[in-house]
Every structure is written in structure tokens, then in C-alpha cells.
Amino acid sequence: FRPLLMLQHLLILQNQNFAPGSLSYLNSTLESIVDCGKTYDAVIASEVVEHVNDPKTFLINCCTVLKPGGQLFVSTMNRTPAAYLLAVVGAERVINLVPPGTHDWSKFLTPEEVVGTIEAENVLCEFVSGMMYNPLFDHWKLCSSTDVNYMLVASKSEGSLDPESSKSS
């Protein structure tokens, strides 16, 4: 069952034994990271794609900073009438879950748009699942419908050029 694969990937990342000092945190823009040529084993863009100025360029930059063989995790909202009603009207105007103006429906991307954008960058989609939020219990769960929220996991082709390794040439 594919959602289990996603959860296994996340648990593997969560259960890594990182040596003290082996993790570092950056206060930077994605564009600055792209400019310096740094690459990573995993990139997680969780509920951020729909808030950036240019979602497709953001996704391309996520792929650029991903090492060959690395994994990209994306969760975002679909550009459907259901997403507009639940995320914009419901969450912003009815139950006030988030401030008005938090979401710009025109920046929501369909799963097909996200997959098309990342696969053009040699990052191949392995898994897509819908996600459902229950505000009464503040709980998320995976579901079959991608009509409102969805997540995907993708891997960068091993044959992709790594900007870091090409610097020494």
C-alpha cells in the first residue's frame, strides 16, 4: 500500500542516528542556496508551495538543491473548487482557522502540475496521496482524494548532474 511507503520513508529519515553537530540550520532563501550550489539528500516543502510568489520556480529550485538519488517531499493544496471552498472560504472566512488572505487560490497547483514541473527536472514522482484535515481534533490523515490537500514523494534520478560535484571539474 503506497501510503505505507511514504510513512516508511519519513520514519527512516526520523530514525537516523545523526552525530552531534552533524545537522545545521540555515536562515536563508531557497534562491540563495541554489546560487551557492549546495545540495541535500532530502528536501521537504510542506504546506509552503501555495504561499510563495512563483510556485513553479520554487519547485524547480527544490529540485536543483536535491542531490542525485535524493528525495523530495511536497504537501500542498490542489487548485479545485473544493479546495477553494474549504481552504479559502471555510478556513479563512467561516471558522477563522487562518487569517483572511492567507491563501491565494491562483497559486494552488494540481498534482499533475507539480509532477510535470519536477519530472522536467529529472525528479520522478513515486507516490501521490490525498490528505484530510480534521480541525475538531487537529488531526491529519492520508486519504484517496487529492481534491483539497495532497502530498507526494519523488526521487532525483541518480544520473542527474550534482552541481556540487561539477564544481571541482
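Bear in mind that the values here come from a model prediction, so they are computed numbers and not experimental data.
Qualifying side-chain contact (heavy atoms from CB on, under 4.5 Å) partners for Leu124, counting only residues two or more places apart in sequence or in other chains: Glu119. Asp41 meets the side-chain contact (heavy atoms from CB on, under 4.5 Å) test with Lys67; sequence neighbours excluded. Judged as a salt bridge (charged side-chain N to carboxylate O under 4.0 Å, His left out), and not counting sequence neighbours, Asp147 has no contacts. The side chain to side chain donor-acceptor pair (under 3.5 Å) test applied to Ser155 returns Gln71, Glu126, not counting sequence neighbours. Checked against side-chain contact (heavy atoms from CB on, under 4.5 Å), Thr29 has the following partners two or more places apart in sequence or in another chain: Glu31, Ser32. Qualifying side-chain contact (heavy atoms from CB on, under 4.5 Å) partners for Ser46, counting only residues two or more places apart in sequence or in other chains: Ile44, Ser75.
For the salt bridge (charged side-chain N to carboxylate O under 4.0 Å, His left out) condition, the pairs that include at least one residue of residues 69-86, sequence neighbours left out, are Arg79-Glu113. Under the salt bridge (charged side-chain N to carboxylate O under 4.0 Å, His left out) criterion, no residue pair touches residues 132-142, with sequence neighbours excluded. Listed by first and then second residue, the salt bridge (charged side-chain N to carboxylate O under 4.0 Å, His left out) pairs that reach into residues 46-56 come to none, sequence neighbours excluded.
Side-chain atoms of Ser129 come within 3.5 Å of backbone atoms of Cys143 as a donor-acceptor pair (strictly under, hydrogens ignored). Not one N or O on the side chain of Asn122 forms a donor-acceptor pair closer than 3.5 Å with the backbone of Ser157. Here the side chain of Tyr150 pairs a donor or acceptor atom with the backbone of Thr110 at under 3.5 angstrom.
Hydrophobic side-chain contacts under 4.5 Å tie Leu136 into a cluster, directly or through other members, with Phe137. Members clustered with Val98: none, using a 4.5 Å side-chain heavy-atom cutoff among hydrophobic residues. Hydrophobic clustering, defined by side-chain heavy atoms of Ile, Leu, Val, Met, Phe, Trp and Tyr closer than 4.5 Å, groups Val148 together with Leu86.
The aromatic rings of Phe108 and His103 lie perpendicular to each other, with more than 60° between the two planes, well past the 30° mark.
By the 4.5 Å heavy-atom criterion applied to side chains, Val74 and Ile118 are not counted as neighbours.
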